[in-house]
Amino acid sequence: MIKLAIFVSGTGTNAAKIIDYFSQHKLVLVDLIVVNKPNAGVLSVAKTHHIDTWLIERSAFYETDCYLNDLKTRGIDFLILAGFLWKVPEYLVSAFPNKIVNIHPALLPKFGGKGMYGMKVHEAVVDAGEKETGITIHYVNEQYDEGAIIFQSSCTVEPTDTPEIVAQKVHELEHRHFAEVLEGIVIGRQSFS
Ligand code: GAR
């Protein structure tokens with residue numbers, strides 16, 4: 001089996017969709033959910049599906065490679081960032097080349113970079129008077145939101161749309177596409193590097 005570890009900082013609705021999508025899959029297994037906040041809603045979904053969860057600690061994540069060793073020992077093949085807001089340290093990027101995938105709630109390279117996450121992105125999109133926005137699925141490198149783009153999908157932004165409405169449209173796109181795009185990446189139907 002191809003083993004995924006999904007990293008989550010927020011509610012984890014994308015992670016929940018991915019868990020559901022792969023729950024009966026013959027080749028792909030969601031083996032681990034990694035959170036950096038104890039209240040992530042995805043923890044109960046993971047429990048229902050008997051998926052192990054880790055609550056990681058900031059200093060251990062940045063100052064040691066203990067999590068890397070544990071990920072390798074478990075045989076994790078891909079790290080999936082589904083609303084994970086900590087920067088991925090260099091040691092992890094080099095240990096998983098083109099094996100770390102992030103979803104960003106805008107059309108990169110617009111509205112990316114440090115501090116651009118969640119509602120902040122949608123507020124910036126509305127403030128800039130954009131006519132469209134969307135999602136970007138991309139590989140992770142050492143810089144925030146700068147790894148090679150794998151997939152994008154867009155939606156319109158109406159002049160009357162609030163950031164909350166934009167967030168809803170973007171979430172719908174994420175829920176529609178993320179798991180299926182991941183499937184293509186991890187089983188090698190699509191190759192991007
Ligand atoms: C998603 O919209 C994701 O694109 C975004 O966080 C949200 C998490 O939602 N990620 C970023 O902003 C990363 N820069 P979820 O917890 O409901 O899946």
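Numbering starts at 1 and runs along the sequence shown. Numbering of ligands and ligand atoms starts at 1, following listing order.
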For [atom], what's the nearest protein heavy atom and its distance?
atom                    : value
atom 11 (C) of ligand 1 : Pro105 CD, 3.6 Å
atom 16 (O) of ligand 1 : Gly12 N, 2.7 Å
atom 4 (O) of ligand 1  : Glu174 OE2, 2.4 Å
atom 17 (O) of ligand 1 : Thr13 OG1, 2.4 Å
atom 7 (C) of ligand 1  : Gly83 CA, 4.2 Å
atom 12 (O) of ligand 1 : Gly118 N, 2.9 Å

At their closest point, which heavy atom of Asp145 faces which heavy atom of Leu108, and how far apart are they?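 That would be O-CD1, 3.6 Å.
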Is the positively charged end of Lys99 above the ring of Phe78, judged by distance under 6.0 angstrom from the centroid and angle within 45° of the axis?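 Yes, Lys99 lies over the aromatic ring of Phe78.
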Looking at Phe96, I'd like to know if the NZ or CZ of Lys72 sits under 6.0 Å from its six-membered ring centre while staying within 45 degrees of the ring's axis.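 Yes, Lys72 lies over the aromatic ring of Phe96.
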Could you tell me, atom by atom, which parts of ligand 1 come under 4.0 Å of a heavy atom of [X]?
X      : answer
His104 : 4 (O), 14 (N)
Thr11  : 16 (O)
His171 : 9 (O), 15 (P), 17 (O)

Ligand 1 contacted by Met116 (non-hydrogen, < 4.0 Å):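 Met116 counts as a contact of ligand 1 under the 4.0 Å cut-off.
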Val121 to ligand 1, any heavy atom closer than 4.0 Å: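 For ligand 1, residue contact (heavy atoms, under 4.0 Å) with Val121 is absent.
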Between Asn141 and Glu146: side-chain donor-acceptor atoms closer than 3.5 Å: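 No, no side-chain donor-acceptor contact under 3.5 Å.
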Answer with yes or no whether the side chains of Thr13 and His175 bring together a donor and an acceptor at under 3.5 Å.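 Yes, Thr13 and His175 have a side-chain donor paired with an acceptor closer than 3.5 Å.
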Which of parallel (below 30°), tilted (30 to 60°) and perpendicular (above 60°) describes Phe61 and Tyr91?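 Answer is perpendicular, since the angle exceeds 60°.
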Plane angle bin for Phe84 and Phe7 - parallel if under 30°, tilted between 30 and 60°, otherwise perpendicular: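 Perpendicular: the ring planes of Phe7 and Phe84 meet at over 60°.
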Heavy-atom nearest option to atom 13 (C) of ligand 1, drawn from Ile6, Leu85, Leu81, Asn14: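 The option holding the nearest heavy atom is Leu85.
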Would you call Glu130 and Lys110 a salt bridge, taking side-chain N to carboxylate O under 4.0 Å as the test?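 A salt bridge is present here (some side-chain N lies under 4.0 Å from a carboxylate O).
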